Amino acid sequence: MNKLAFLQEDLDELKRQGLYRDLRVVDGEQKARCVIDGKEVINLSSNNYLGLTTHPRLRQAAMAAVEKFGVGSGAVRTIIGTMSMHQELEEKIARFKHTEAALVFQSGFTTNTGVIPAVVGKDDVVISDELNHASIIDGCRLSRADIKRFPHRDMDGLKKALEESQGYRRKLVITDGVFSMDGDIAPLPDIVDLAERYGAMTMVDDAHASGVLGRNGRGTVDHFDLHGRVDIQVGTLSKAIGVLGGYVAGPMVLRQWLIQRARPFLFSTSHPPAVTAACLAAFDLLLEEPQLIDRLWENARYFKAGLRELGFDTGASETPITPVIIGEGALTMRFSDRLFEEGVFAQGIAYPTVPPEKSRVRTIVAASHTRKDLDEALEIFARVGRELKII
Ligand SMILES: *Cc1c(COP(=O)(O)O)cnc(C)c1O
């Protein structure tokens with residue numbers, strides 16, 4: 001008797017609802033056009049905003065690090081897993097973000113699950129936008145602080161939550177900088193004003209804003225010119241930076257405290273040399289070649305305008321993340337599958353990632369897409385959209 005047989009029933013239910021997903025497999029490089037499940041398609045689903053996953057400078061840096069330092073770091077950071085290059089990367093990130101200090105984690109996910117429980121606990125409250133990323137939600141739960149969710153980007157809702165939170169020891173307001181499913185930007189200046197008024201700390205997770213928004217891709221704090229007013233900035237090294245990892249940037253006391261208490265930092269091995277070296281090269285590139293970011297935005301504007309002209313609902317998107325909102329989950333998955341057959345990979349996203357009636361195909365263009373890639377993708381969207389009577 002298989003004690004896990006109940007999982008089969010749950011899987012069958014997903015299949016009945018048309019929401020079951022198999023993993024698509026990429027052969028070869030992660031690029032603007034890539035081979036997925038043996039078929040060449042235009043890739044509109046990667047977070048590789050600037051095309052850095054295959055950039056020659058990052059490759060070279062990674063290979064040189066392997067030659068010089070080997071492939072593994074051997075331990076967690078607090079034992080013997082801190083290499084001089086780890087520190088160098090953290091100093092570079094702090095300078096880039098205009099903060100006193102930074103600390104790198106294994107991923108953006110572990111940054112949130114490490115930072116939040118280290119800063120707040122059971123006598124405290126976290127006030128969180130309802131559409132914040134799963135890693136923020138998990139970080140909040142792990143902290144055992146009370147959690148108050150405010151309606152998405154709703155400043156009256158935030159104000160009400162702050163008013164109701166006066167009795168707590170510490171208050172922490174958390175928001176995504178750019179929301180990963182809708183591509184809209186947090187109203188950070190208003191959030192910061194309110195938090196200051198109520199004596200709350202602020203934390204922004206710029207996973208989708210790092211390398212995308214602000215001067216040289218410094219993120220939402222720079223975009224809104226709020227330097228010095230956001231207490232904790234989280235970013236990822238896995239999206240526009242093109243490699244793997246997460247980081248937190250803020251005051252030196254935050255870094256020092258996280259080294260004592262952030263559990264993924266304490267209990268999971270640090271990055272191998274190749275990862276760290278490639279990240280170092282990526283930050284140099286952001287500083288030296290900001291035209292990559294200009295190119296990303298040109299492509300994003302062009303593609304978004306094209307989708308809107310065709311009559312697709314692109315929601316509230318203001319960034320290179322452009323959802324095409326379909327509504328029903330099964331139709332969304334069918335749309336995504338048909339796009340794939342015609343040569344475009346745009347991932348269908350349904351419940352539980354988004355509300356059931358807001359299912360969508362999410363597109364993300366990159367700096368590395370050519371105009372020809374985008375025109376061809378728009379032509380395929382038009383054809384499949386008409387076939388399925390979406391437009
Ligand atoms: C992608 C994402 C993360 C996770 O980052 P990884 O480096 O992939 O673990 C965290 N927060 C937000 C808002 C994200 O979009």
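Note that ligands are numbered from 1 as they come in the structure, with each ligand's atoms numbered from 1 the same way. It should be emphasised that the depicted structure is a prediction, and the values quoted were computed from it without experimental measurement. One-based numbering along the sequence shown.
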**Prompt:** Rounded to the nearest 0.5 Å, what separation is found between the CD1 atom of Ile93 and the CD1 atom of Ile241?
**Reply:**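 Rounded to the nearest 0.5 Å, the CD1-CD1 separation comes out at 8.0 Å.
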Nearest protein heavy atom with distance in Å, relative to [atom]:
atom: atom 5 (O) of ligand 1; value: Gly108 CA, 3.4 Å
atom: atom 2 (C) of ligand 1; value: Lys239 NZ, 2.4 Å
atom: atom 11 (N) of ligand 1; value: Asp205 OD2, 2.6 Å
atom: atom 3 (C) of ligand 1; value: His133 CE1, 3.4 Å

Proximal ligand 1 atoms for [X], defined as those under 4.0 Å from one of its heavy atoms:
X: Ala207; answer: 2 (C), 11 (N), 12 (C), 13 (C), 14 (C), 15 (O)
X: His208; answer: 15 (O)
X: Ser107; answer: 7 (O), 9 (O)

Please check if the side chain of [X] supplies one atom and the backbone of [Y] the other of a donor-acceptor pair under 3.5 Å.
X: Arg149; Y: Ser128; result: no
X: Gln347; Y: Ser45; result: no
X: Asn299; Y: His369; result: yes
X: Asp37; Y: Arg24; result: no
X: Asp124; Y: Gly121; result: yes

**Prompt:** Taking only residues at least two apart or on different chains, which pairs with a member in residues 178-192 satisfy side-chain hydrogen bond (donor to acceptor under 3.5 Å, both in side chains)?
**Reply:**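 Pairs touching residues 178-192 that pass the test: His152-Asp184, Asp182-Arg360.
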**Request:** Go through the structure and list residues passing side-chain contact (heavy atoms from CB on, under 4.5 Å) with Glu387, not counting sequence neighbours.
**Result:**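 Glu387: side-chain contact (heavy atoms from CB on, under 4.5 Å) contacts with Arg338.
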**Prompt:** Does any N/O atom on Thr236 come nearer than 3.5 Å to any N/O atom on ligand 1?
**Reply:**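 Indeed, backbone or side chain, Thr236 has an N or O that close.
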**Message:** So for ligand 1, is Asp176 a polar contact partner (N or O within less than 3.5 Å, distance only)?
**Reply:**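 Min N/O separation from ligand 1 is not below 3.5 Å for Asp176.
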**Message:** Yes or no: does Ser135 have any heavy atom under 4.0 Å from an atom of ligand 1?
**Reply:**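 Ser135: in contact with ligand 1 (<4.0 Å).
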**Gly245 heavy atom under 4.0 Å from ligand 1** =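 It does, in that a heavy atom of Gly245 comes within the 4.0 Å cut-off of ligand 1.
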**Asked** Between Phe109, Phe105, Tyr247, which one has a non-hydrogen atom sitting closest to atom 9 (O) of ligand 1?
**Response**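 Answer by nearest heavy atom: Phe109.
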